[in-house]
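The analysis underlying the following values was restricted to heavy atoms, covering all of them including side chains, and did not include hydrogens, waters or symmetry mates. Read the numbers this way: they start at 1 and go in the same order the structure lists the ligands and their atoms.
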Amino acid sequence: MKIESAMNKLKTLLLGICSLACLSFFSCTQQAQTEKKGPVAKHVVLIGLDGWGAYSVPKAEMPAVKRLMAEGAYTLEKRSVLPSSSAVNWASMFMGAGPELHGYTEWGSKTPELPSRVLNEHGIFPTVFQLLRDACPQAEIGCLHQWGGIKYLVDTLALSYREQLQPEELCSAAERYIKEKQPALLTVCFDEPDHVGHAIGHDTPEYYAKLTEQDAYIDRIVRAVDEAGIADETIFILTADHGGINKGHGGKTMQEMQTPFIICGKGVKKGVEFHESMMQYDVASTIAYIFALEQPQVWVGRPALQVFE
Ligand SMILES: [Zn+2]
């Protein structure tokens, strides 16, 4: 009898351990699937080109980008927040709100000029990276960037991997990271064609040549996702912080204010140009929607629901 009851206790204990292990294994996906729908895809690769005005897209020779446009959904009317400058717009893209709320108001803001309306446990306004980290502590989340200013806007404590590199190395690092780690969320921020825009001018032959060069990097990143075997579960998003006019940006022309937003992959409609309003901070909300993350009350972004099947 004694042996039998000890055996029963052991069985119960083993069952308990087993179900605990199973629980922790599935909790991440279950948490993300609470209420409404589950995640649309398992991976998001966000590629940002600094200073890429929507006006340039029809004229640009960008075969990889045009392929993603044809196979996905896009708008050429996504608006930047004001001013049409870098940090304030990258912040809005990651933080689901405008400068009035996140507080980063200038081209090179490293800290908010006005107090962020809400701070997370890392002491920064809530980012999409942190939302995903909170829901999935084990998620692989990366940010690769060329411009140093990006690191102040991404909540580095929520990331698994971050590096600042020159474009060729940046692209290689992205390829390597995708193949080795199959990240859930990877952001790759290139600093061109902004430099050419400042040095030679927007809408110039040199500007278009730079866009074609950037397109080759995008092509390589798309291929890396293919080679990693996760293409069926990935959504690509291509966009920009702002456009430009003559040799600058920061102002209120539509050449400066409108940027492309291209989305392609699992669960995304194909061959659709959409005209619904889209703002810089809707990018964060759209990514949150893809991962079925609940957005914080302080966010004002709205997911671009119309692009999903
Ligand atoms: Zn910029």
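Asp155 has no carboxylate O lying under 4.0 Å from a charged side-chain N of Arg133, or vice versa, which leaves the two without a salt bridge. A salt bridge is absent between Lys270 and Glu71: the closest approach of a Lys/Arg side-chain nitrogen to an acidic carboxylate oxygen does not fall below 4.0 angstrom.
Closest approach between the Zn ion (ligand 1) and any N/O/S atom of Asp50 involves OD1. Sorting the N, O or S atoms of Asp241 by how far they are from the Zn ion (ligand 1) puts OD2 first.
For the residue pair Ser116 and Tyr104, the shortest heavy atom distance occurs at OG-CE1, 4.3 Å.
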- Query: Step by step, would you call Tyr161 with Tyr177 a ring pair (Phe, Tyr, Trp, His ring centres under 6.0 Å)?
  - Reply: CA-CA 9 Å; Tyr161 173 53; Tyr177 184 55; 4.6 Å; yes
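The Zn ion (ligand 1) does not have Asp191 among its coordinating residues (no N/O/S atom, backbone or side chain, under 2.8 Å). For residue Asn89, no N/O/S atom approaches the Zn ion (ligand 1) to within less than 2.8 Å. Put simply, His242 gets within reach of the Zn ion (ligand 1), with an N, O or S atom under 2.8 Å from it.
For residues 164-175, the set of pairs meeting the salt bridge (Lys or Arg N to Asp or Glu O under 4.0 Å) definition, not counting sequence neighbours, comprises Glu168-Arg220, Glu175-Arg220.
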